[in-house]
Structures are given as C-alpha cells and as structure tokens.
Amino acid sequence: MQMLEKAGKAKALVLTLVYQDGTTQLDPEQKLGPPVCGLLALMKNDLDCSTPEDPLGPNDSLVYLKLEHTPAWAQQHAHTSQEHFTRDVLLQVLSRSQPVVCYKAKDFLRTALQFYRRDLSWKRVAGCLIQDPQVSGWLLDPANPSSCYQDLLNKHSKRPPTTSALGVKKVSRVISGLCSLFWLNMELCSKLQSQGLWELYSDMELSMISVLAAMESHRIHVDKDALKRTSDLLGTKMKQLEQEAHRAAGQMFLVTSNTQLRTVLFEKLCLHERCENKKLPKTVNKQQQSTSEAALLQLQDLHPLPKIILEYRQVHKIKSTFVDGILSCMMSKNYISSTWCQTSVVTGRISAKHPNFQALPRQPLQITKKQYIQGKEEEVVTVHPRAMFIPQEGWTFLAADFCQVELRLLAHLSADPELLRIFTHPQADVFTMLASQWKGVSEVEVTSEDREHAKRVVYSVVYGAGRERLSGILGVSGEQASRFQDSFLQTYREVQAFIQRTVQKCHNQGYVLSIMGRRRTLPNINSPNWGVRMQAARQAVNFVVQGSAADLCKTAMIRIFNLVSSSGSLSARLIAQLHDELLYEVEDSQVERFAALVKSTMESLQHIDHLGVHLKVPLKVAVSSGKSWGSMSELHIPPSLSPPSPLH
DNA sequence: GCCCTGACGCTACG
DNA sequence: CGTAGCGTCA
C-alpha cells in the first residue's frame, strides 16, 4: 500500500514490459516476441540530482509487478493481494496527470488490457497520457525510424552514455536503461517543441497510442472452417492451372518462378519478337523482360500461356496471403487481431501486419470449379476473404468512408476554382463531373470508360505516378498516358501551380508540411542527379496530400474514440482503419445512432478551429453496414438524426 | 541433406 | 507515392 501511494505521488513514472526470457522493451527486438511476465516501473522524484553515473536518486524507487494469468477455475476467490496491487497500479498509471514514459507504449497498454480483460474496460485507456519516445523519434524524422531503443538513444543523446555495459549486472543495466529513457524523453520533447511538432505529438499521436491499443486488444471473429475449405478449393484450382500452364508452354516449369517464366516466354516462345509495336515493361533493378501483369496483358493475344499465368497468380495470391496467411495468424484460436504500427509510414499513415488488414482484396474472386457430378459439370464459386470476417452475435459491422479525401484535399490545397466547384456544387458523381469537364462533353455523355479514366488519371497525379505506371494501369501507350496527365493539368491550372509551389517550398526550406504540421524532410530535393531530384519532388507533393489525409483520418479516429469512451451507453469498437475508411463493430440496437454520430463527427472535420484548419471543400462520408465484411450495403442517414457538432 | 539471409520480382490495399 | 507479404534464387 505504501508503494501504491508512492507511485501516485511520484513526479514521473518510467515503465517497461519484462519478458519471460528476462529481456525488456529496451533490448533489441526478438524475432518472436516472448510472452510478457511482468512490468518494471521506475518512480522518479529526483529530477535534478541524478546523473548517468548514479542514475538512481535517493528519492527514486523501483517496483516490479508480476503479470500472470490465474486459471479460470481459481479466479472466483483467489485474487491475491499482489494481483490487486498490480491492477491498482495499472489503473493509476492510466488516470494520473503526471507524466508516464514508456518506449513502445502501445504494447504496454495492450498488455494491460489483455491481462485485465474483465476488470479493465478498453474505454479506460482513452484518457491516459502516456509518452512514447519511439513516436517522438519518428515524428522528428519519419523517413528513418530507429530500429530499437539503443538505436534511438544513439541518435538523440548528446554524449555516449554509461561506459561498457559488459560485466555489469543485468539489473543495473535495466535501471540505467529506464533512467536514460526518462532523459531521452525530455530531450525528444524539447526537440519536438523547437520543430513545431509538439501539438501534433501531444494532441494527435499520443492519443493514437490508446486508440491502437484498444483496437489491437479486440478479437475479430473469423470463419475458420470456411477458410480451410477455401484453401483446399484454391489448392486444387492451382494444380489444374499449373497443368494447363505446362501444356501451353510445352514443358514443365515452376509456375511461381518469374525467372523460369521469363525463359519460357522470351527465350523459348520468343513472344517479344511478335509485338514490336508495343513496348514491354522491364524489371526495375536488372532491366530484364518483365513478367508483370502489365507485360502479360500485352502478350495475352499471342499465346494462351499469359492468361493462364495471370489467373494462376490471382489464385495463388489469394491462397497464400489471404487464406493460408490468415490461418497461420490464427494459431489455435478462432479469432485474429492485427498489429497496428504507428511509426512505420513516412507520410503519417498507419500500417497493419499479421495479418495486413489493409490489403485484403476488395473484390471477390470467381472460380470455375470442374467437377464430375451428374447434372452439372461446372460450378462457379466466389471466393471472398473479407466475407470470412464476422461480427459477434448481436453485433454488426459498420464502415465509414471519407469519399475522395485526397482529391478533396487537392482541391483545397490548390484552391483550383474548377475543382472546388465540383465539390461545392455536386450535381453528379464526382468522377463523372470531372470527366465531363476534362473532356468537354456533357455529363450524360460521359461513358463509364471515361469516368474510370478520369479516376485513374486523377490518382496518378495525386500519387505522383509516372506515365509508365499510368499506362500500365490504364492499358494504353505511355505516350497517351502522358497526354492524359498533361490535359488534366491544363484543365486544372491551379493544381499545377500547387505542385510547383510545393516543390519550390521544399527546395527553399528542405522540408514540406501537412495541414496539421506533420513534417517530412527531403534532402534529395537538391540532388545533382536529375532522377533522384525528381523523385524527391514527387515525394514532396505526395506527402502534402497523403499526409494531410492521414491527419484527418487520425483525428476522426480519436474523436470517435473519445465520444464512445465517455458515453455510458455506446459500445462500438474500432476493428480496422483502411486509410480513408474506418470499420467498426456495433451493437445491433445502436447501429443507426452510431452511424449518425460517426458521419457527423467525420464531416465536421472540415473546420477545426483550434488548429486553424478550414477546408475550402466539404467532407463527405459514406456509411455502410453488414453482417460480414464481405457484404456491406450503404446506410442512408436522415440529416435530422445527426447530433449537433460534437466536442473536440 | 538442413535452415537462414538478403536481393529481387510481383501484387494486394489505399 | 508507400505500406505488407508471398515467392524464387544464390
């Protein structure tokens, strides 16, 4: 009890998880993270007098908290005082106003939520103010995130710290590690302040840690049996396609080997000689004949093999990554939870792994199954990985999508009058209007092909893709792709001006900023090498658009998280973030109410007064819901249901 | 024979 | 543009 009081009064708390093999979060990362066995907390009171040589001041103290699971049958009465103590300290950590520091704080929060699943609601992590030097370091230099704690320390500490750690006991190494973590955090905070990144850090990125921890601690149910059946189905389909490929090639070869495929296509069949009018793409690094989708599409009329390979690749991708890959993430469970990474994307977006939730195919795959049953010889089966994800009984998936955020941001950033008009006076579908304006025809004359072209061209400009990439995607010549881009930039003159302005600014100050002050430095903007310099210019433009979109999406996640956390009745949980789309699991009875709240919260981000964000275009959010992620249908929210503009 | 590693190619998403 | 992840090959 004395300890608990001490922890509450301490001026600062420095934490690290301890793993069963004796390592901590401050040690270099393991391949397979060992299980957590406890938590080490340094309570700092002597902020002035301790030195690297004698890191522990007289009023500082250290406590180790054991984390272990009690078997369910013993849980009823057997809470030991130690377990209560640990839980109480954790609760205090979550609600204290004094600083708490932890390297990789998200892992700590998730661990806490997992160990006290019953006593500790995920809503409790909403208010917590925990600092994380890993996040600070990434914000300061997002292009070079440090690989481990030592790496980060070397990069930012003023002088090389304590002498040879070898020979020193493990305990004292950990203690001095925690102390250095405290000082490193101070150092990073002042750097953030001097770079104008403090508000972004404390108001957005630190809140994201809690949001992501809560998201990771939620279990997403998966139809494991369906997944296994699909795996077998795709396996037999692949064997069939492999045989067809061998027959078409006139020889056996490894269908998954690009090297062997290249030999068959270009040395045996010599297909490149039969299409001299088309230009076939080359591989990036070795400048060989490419066997990519774009190349095979060019060759498909000359020989049956390319088509077979394309289909084989489609099936193989689905099976290996989205069926077997997800099965291997499930181990013996029947649910998954992705790991969400905050510090791995330069533009400020978040990424996901194990599995990568953000890359699950949007479109289902059609498989024609040959079977020799009387009556029907062929059967068409659709395989859809997203459909394997199922809400709990009595709950529904709800998706909220920022419609064309990046294009809207481009309109805002460039202030192009024509582009702005499309969004402020929406008379039709955005890309239809765009196509009609661009090609100079009326909206009813726009074909679906025109619309698709417009969409692709727009995003090639937003993403900064070259003509090669665009021509590959569009299926037209590089020359034509280039003309499309040029005519787009001619129609929307201010967009071109924005691009030039951004590159010029980057040239002058060495970095670019997003709407909320996220920063990317681009040293190569001054490179003597033309190619390198142009790449940096594209990265600069892309960063401003993509980074600003990331700012908006993160703000939306945080606001919705805070609204739900502080509500007594709402229970919706975030399942995944797909960059401009948020996926929630909602109690059936709350779907309409929550949908209205999400939509209005997200659309209200057009104006964020205290950040000085005032977008010149409205934001539009489309909401859909369904009983599986594979079958979502749009939800129309009557404007009357929308609550008044929520608090920040 | 075995497993590991880094470079490369391809492709899913936004 | 920029992520994750599967595969081959030396």
Side-chain angles (χ1 to χ4, degrees), chain A residues 31 142-143 145 238 253-263 281-297 309-310 312-326 328-329 338-365 384-386 401-407 409-410 455-456 458-466 468-470 472-473 499 502 512 520 522 534-550 552-553 576-583:
Chain A
K31 277 183 265 181
M238 278 171 59
F253 72 102
L254 194 52
V255 187
T256 47
S257 165
N258 299 317
T259 317
Q260 293 182 29
L261 178 62
R262 186 176 299 121
T263 312
K282 296 277 165 66
T283 60
V284 187
N285 288 319
K286 293 185 155 185
Q287 291 295 308
Q288 289 175 299
Q289 291 287 347
S290 169
T291 64
S292 66
E293 185 180 351
L296 297 184
L297 285 173
I309 298 295
L310 283 172
Y312 181 90
R313 288 226 185 113
Q314 250 190 334
V315 178
H316 180 260
K317 177 77 184 181
I318 301 286
K319 176 166 158 61
S320 65
T321 307
F322 302 114
V323 178
D324 297 345
I326 285 177
S328 74
C329 289
S338 286
T339 304
W340 295 90
C341 309
Q342 191 176 359
T343 61
S344 68
V345 187
V346 271
T347 55
R349 280 163 37 147
I350 59 176
S351 72
K353 56 184 187 181
H354 310 311
N356 180 358
F357 220 93
Q358 296 175 319
L360 273 100
R362 178 169 279 287
Q363 296 300 328
L365 177 65
H384 197 184
R386 287 192 182 193
D401 190 322
F402 266 129
C403 304
Q404 314 101 20
V405 241
E406 291 183 334
L407 188 55
L409 279 165
L410 186 66
K455 193 172 172 177
R456 297 264 162 83
V458 162
Y459 283 108
S460 81
V461 171
V462 174
Y463 290 153
E468 295 308 319
R469 176 126 167 110
L470 181 63
I473 296 166
I499 292 171
T502 305
V512 279
R520 177 170 184 180
L522 288 154
M534 290 307 284
Q535 177 176 5
R538 289 193 300 272
Q539 288 171 321
V541 175
N542 181 258
F543 175 85
V544 178
V545 181
Q546 196 182 111
S548 299
L552 282 180
C553 295
Q577 187 250 39
L578 312 169
H579 303 124
D580 52 7
E581 178 181 341
L582 301 178
L583 182 67

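Here is the naming used below: chain letters follow the sequence lines, and residue numbers restart at 1 for every chain.
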Colleague: Nearest whole angstrom, please: distance from the C1' of B:dC13 to the CD of A:Q546.
Modeller: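 That distance rounds to 12 Å.
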Colleague: Give one of base, sugar-phosphate or nothing for A:L360, where a contact means two heavy atoms less than 4.0 Å apart.
Modeller: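 Sugar-phosphate contact only.
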Colleague: Below the 4.0 Å mark, does C:dG2 have OP1 or OP2 next to a side-chain nitrogen or oxygen of A:Q358?
Modeller: no
Colleague: What is the nucleic acid contact for A:E581, judged by heavy atoms within less than 4.0 Å: base, sugar-phosphate only, or nothing?
Modeller: nothing
Colleague: At under 4.0 Å, does any side-chain N or O of A:S344 touch on OP1 or OP2 of C:dA4?
Modeller: yes
Colleague: Distance check needed: C:dA4 C1' versus A:L578 CG, whole Å only.
Modeller: 14 Å
Colleague: Base, sugar-phosphate alone, or nothing: which one does A:E406 contact when heavy atoms must sit under 4.0 Å apart?
Modeller: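 Since no nucleic acid heavy atom lies under 4.0 Å of A:E406, the category is nothing.
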Colleague: If you check the A:D580 side chain, which of B:dG9, C:dG5, B:dG14 turns out closest?
Modeller: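 Shortest atom-to-atom distance from the side chain points to B:dG14.
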Colleague: Take the protein atom CD of A:Q363 and the nucleotide atom P of B:dG14, then report the distance between them rounded to whole Å.
Modeller: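 A:Q363 atom CD is separated from B:dG14 atom P by 9 Å.
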Colleague: Once you round it to whole Å, what is the distance between C1' of B:dC10 and CG of A:N285?
Modeller: 12 Å
Colleague: Could you please name the option among B:dG14, C:dC1, C:dG5 that lies closest to any side-chain atom of A:R362?
Modeller: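 Looking only at heavy atoms from C-beta outward on A:R362, the closest nucleotide is B:dG14.
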Colleague: Does OP1 or OP2 of B:dC10 have a side-chain N or O of A:S290 closer than 4.0 Å?
Modeller: yes
Colleague: Check every atom of C:dG2, B:dA12, C:dT8 against the side chain of A:S257 and return the nucleotide holding the closest atom.
Modeller: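 Nearest to the side chain of A:S257 among the choices is C:dT8.
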Colleague: Rounded to the nearest 0.5 Å, what's the gap from CD1 on A:I499 to CG on A:L410? Could you check?
Modeller: 7.0 Å
Colleague: Does A:V545 reach a base, just sugar-phosphate, or nothing at all? Heavy atoms under 4.0 Å.
Modeller: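 Touches nothing.
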Colleague: Quick check for you: among B:dC10, C:dC9, C:dC6, whose closest atom lies nearest to any side-chain atom of A:S320?
Modeller: C:dC6
Colleague: Between C:dC1, C:dG5, C:dT3, spot the one nearest the side chain of A:K317, thanks.
Modeller: C:dG5
Colleague: To the nearest Å, how far apart are A:R262 CZ and C:dG7 C1'?
Modeller: 14 Å
Colleague: Look up atom OG1 in A:T343 and atom CD1 in A:I350, then write down how far apart they are to the nearest 0.5 Å.
Modeller: 11.5 Å
Colleague: Is there a donor-acceptor pair under 3.5 Å between the side chain of A:S338 and the backbone N or O of A:N356?
Modeller: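 Looks like no, no N/O pair under 3.5 Å.
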Colleague: For a quick test of reading the model, state the closest non-hydrogen atom pair linking A:Y459 to A:L407 and the distance between them.
Modeller: OH-CB, 4.3 Å
Colleague: So, does A:T321 use its side chain to make a donor-acceptor pair with the main chain of A:I318 at under 3.5 Å?
Modeller: no
Colleague: Give the rounded distance in Å between these two atoms: CG of A:N258 and C1' of B:dT11.
Modeller: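 For the pair A:N258 CG and B:dT11 C1', the rounded distance is 11 Å.
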Colleague: Whole angstrom is fine here: how far is it from CH2 in A:W340 over to P in C:dT3?
Modeller: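 So the two atoms are 15 Å apart, to the nearest Å.
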Colleague: When the distance from NZ of A:K319 to C1' of C:dG7 is rounded to whole Å, what number comes out?
Modeller: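 Nearest whole value for this atom pair: 14 Å.
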Colleague: It should be established whether A:R349 places a side-chain nitrogen or oxygen under 4.0 Å from OP1 or OP2 of nucleotide B:dG14.
Modeller: no
Colleague: Please determine, for the side chain of A:R386, which listed nucleotide (B:dC13, C:dG7, C:dC9) has the closest atom?
Modeller: B:dC13
Colleague: For the side chain of A:K286, starting at C-beta, report the closest nucleotide among C:dA4, B:dC10, B:dG9.
Modeller: B:dG9
Colleague: Is the distance from OP1 or OP2 of C:dT8 to the nearest side-chain N or O of A:T259 less than 4.0 Å?
Modeller: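 No, A:T259 has no side-chain N/O under 4.0 Å of OP1/OP2 on C:dT8.
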Colleague: Which nucleotide in the set C:dT8, C:dA4, C:dC1 lies at the smallest distance from any side-chain heavy atom of A:R538?
Modeller: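 That would be C:dC1.
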Colleague: Given B:dA12, C:dA4, B:dC10, which nucleotide is nearest the side-chain atoms of A:F322?
Modeller: B:dA12
Colleague: Within the structure, does a side-chain N or O atom of A:H316 lie under 4.0 Å from either OP1 or OP2 of B:dC10?
Modeller: no
Colleague: From the options C:dC6, B:dG14, B:dG9, select the nucleotide whose nearest atom is closest to the side chain of A:H579.
Modeller: B:dG14
Colleague: Could you tell me whether A:R349 and A:E406 make a salt bridge, using a distance below 4.0 angstrom between a side-chain N and a carboxylate O?
Modeller: yes
Colleague: Are the side chains of A:Q539 and A:V512 in contact, using a 4.5 Å heavy-atom criterion?
Modeller: no
Colleague: Distance check: side-chain N/O of A:T321 vs OP1/OP2 of C:dC6, anything under 4.0 Å?
Modeller: no
Colleague: By the 4.0 Å heavy-atom rule, please label A:A352 as base, sugar-phosphate, or nothing.
Modeller: sugar-phosphate
